[in-house]
Amino acid sequence: MKTQAGRELEAAGESPYRGWRVSLNRFIWRAHIFTIGALVVWVERARPNRGYGGRLFAASARLTNRLIGARVEVIGLDRLDPDQAYVFTPNHRSHVDITALLAALPAVRFAAKRELFDEPVLGRAMRALGMIPIDREDPALAKRTLDEAAAKLGKSVSVVIFPEGTRAPAGQMLPFKGGAFVFAIHQQVPVVPVALHNTAQVMPAHGYLTILGGRVVVEMLRPIPTVSLTLEDRHRLKDQVRAALVEALRPEDGGVGDRRDLGSFAGHAFGVHAGNVASRTPSGASPPCAGPSPHGVEERRRP
């Protein structure tokens with residue numbers, strides 16, 4: 001039976017269960033990092049370079065998505081050649097970007113800020129999985145790191161590099177850095193812009209692991225070839241990728257696209273309503289698309 005306080009919260013668009021559910025999600029997220037991180041390190045020591053640790057980490061990310069109420073869909077995979085390596089360049093809004101991408105692309109390596117590699121458990125797991133540490137304060141060192149990774153990985157392994165370098169506030173897109181595009185040109189592998197829809201609402205940035213749950217769409221945009229490109233073309237390639245992302249993303253996600261074709265993003269898991277998040281969206285950003293959604297299947301993949 002609902003209490004009067006619960007009815008008043010629901011009438012105001014709030015969930016009476018939001019506090020404990022968000023706290024539980026925070027616990028689940030941390031448990032995922034510490035438990036699976038330690039297990040990945042052990043697996044890679046026992047069976048090194050066989051891919052077991054990466055598959056375990058990806059499976060754990062998919063489970064974590066379900067437990068925190070992030071309903072992940074992946075579209076556009078038909079645009080990719082499974083035998084081709086790529087440089088994936090997603091927009092970056094939230095920590096949940098990582099688990100969503102792992103659900104979509106379980107075999108990729110990530111380039112991540114060097115500070116994460118100093119974490120006692122997560123850092124050791126990332127090194128065991130062959131992730132690439134990037135020093136954001138030293139562009140020359142970052143370039144050398146990517147060059148070393150290119151020499152080591154060759155053209156057989158796909159890499160995810162966030163061109164913004166860090167999480168952007170909801171409704172914004174930060175300037176792109178050039179490392180991803182230099183790396184792709186050096187390797188002569190295609191760049192795939194990846195549009196991450198609604199992750200800032202599911203897990204707002206800088207919110208002390210506030211995870212509200214909800215629907216996330218990972219969209220693979222059309223690959224951009226780099227064959228015959230030289231370093232002089234890196235700025236044009238960067239602008240091309242940025243333009244593709246801006247066109248594909250809704251204003252809430254830092255773009256200008258009218259993406260009613262994706263269906264509704266209204267509502268969140270566990271009774272947390274879209275109205276709770278709308279107030280966090282910068283003024284001038286459009287509200288989530290209205291109307292019923294035919295989606296919502298966990299990690300459902302469609303062309």
Side-chain angles (χ1 to χ4, degrees), residues 25 28-113 116-117 119 121-134 149 152-153 156-162 189 192 194-199 202-203 209 211 213-220 297-302:
N25 279 351
I28 292 169
W29 186 268
R30 286 175 171 165
H32 163 250
I33 291 175
F34 288 103
T35 304
I36 299 304
L39 188 57
V40 162
V41 171
W42 182 84
V43 167
E44 284 299 314
R45 284 180 177 175
R47 295 288 189 271
N49 303 318
R50 300 187 185 183
Y52 296 141
R55 289 194 289 272
L56 176 64
F57 200 65
S60 171
R62 291 193 293 272
L63 175 60
T64 298
N65 288 335
R66 294 189 181 98
L67 293 176
I68 65 174
R71 304 185 302 276
V72 179
E73 294 180 38
V74 186
I75 60 177
L77 286 176
D78 59 316
R79 292 172 168 162
L80 306 181
D81 179 352
D83 297 322
Q84 169 70 58
Y86 296 96
V87 173
F88 294 97
T89 55
N91 56 303
H92 198 13
R93 302 289 172 273
S94 164
H95 286 314
V96 84
D97 295 344
I98 309 299
T99 55
L101 286 166
L102 283 169
L105 303 165
V108 298
R109 307 284 177 89
F110 284 78
K113 61 183 180 180
L116 291 177
F117 289 80
E119 297 288 335
V121 176
L122 178 62
R124 292 173 63 193
M126 293 173 69
R127 292 184 188 280
L129 293 171
M131 303 303 182
I132 306 167
I134 300 295
K152 181 178 180 180
L153 297 176
S156 61
V157 178
S158 293
V159 176
V160 173
I161 304 177
F162 293 101
V189 297
V192 180
V194 182
L196 298 175
H197 302 277
N198 206 48
T199 58
V202 170
M203 186 176 182
L209 293 182
I211 307 171
R215 179 173 173 245
V216 171
V217 174
V218 181
E219 182 180 14
M220 308 296 163
V297 180
E298 172 70 32
E299 291 164 23
R300 174 175 144 202
R301 302 184 178 203
R302 60 183 175 88

Check the pair Val194 / Thr89 against side chain to side chain contact (heavy atoms under 4.5 Å, CB included), numbers first and verdict last. CA-CA 6 Å; Val194 182; Thr89 55; 6.0 Å; no
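Counting heavy atoms of neighbouring residues, nucleotides and ligands inside a 6.0 Å radius, atom CZ of Arg47 does not exceed 12 of them. Counting heavy atoms of neighbouring residues, nucleotides and ligands inside a 6.0 Å radius, atom CG of Asn49 does not exceed 12 of them.
Here the straight-line distance linking atom OG1 of Thr35 with atom CZ of Arg30 works out to 13.0 Å at 0.5 Å rounding.
Of the residues listed (Val72, Leu196, Ile75), the one engaging Val217 in a side-chain contact (heavy atoms from CB on, under 4.5 Å) is Ile75, and it is the only one.
Taking each heavy atom of Val96 and Met203 in turn, the nearest pair found is N-SD, 3.6 Å. Taking each heavy atom of Ile161 and Ala111 in turn, the nearest pair found is CG1-CB, 3.8 Å. Between Leu77 and Ala104, the closest heavy-atom pair is CD2-O, 4.3 Å. Closest of all the heavy-atom pairs between Ile132 and Val159 is CD1-CG1, 4.1 Å.
Considering only heavy atoms from C-beta on, Val87 stays 4.5 Å or farther from Ser158 through its side chain. Counting only heavy atoms from C-beta outward, the side chains of Val216 and Asp97 never approach each other to under 4.5 Å.
Not counting sequence neighbours, Arg55 has no partner by the side-chain hydrogen bond (donor to acceptor under 3.5 Å, both in side chains) test.
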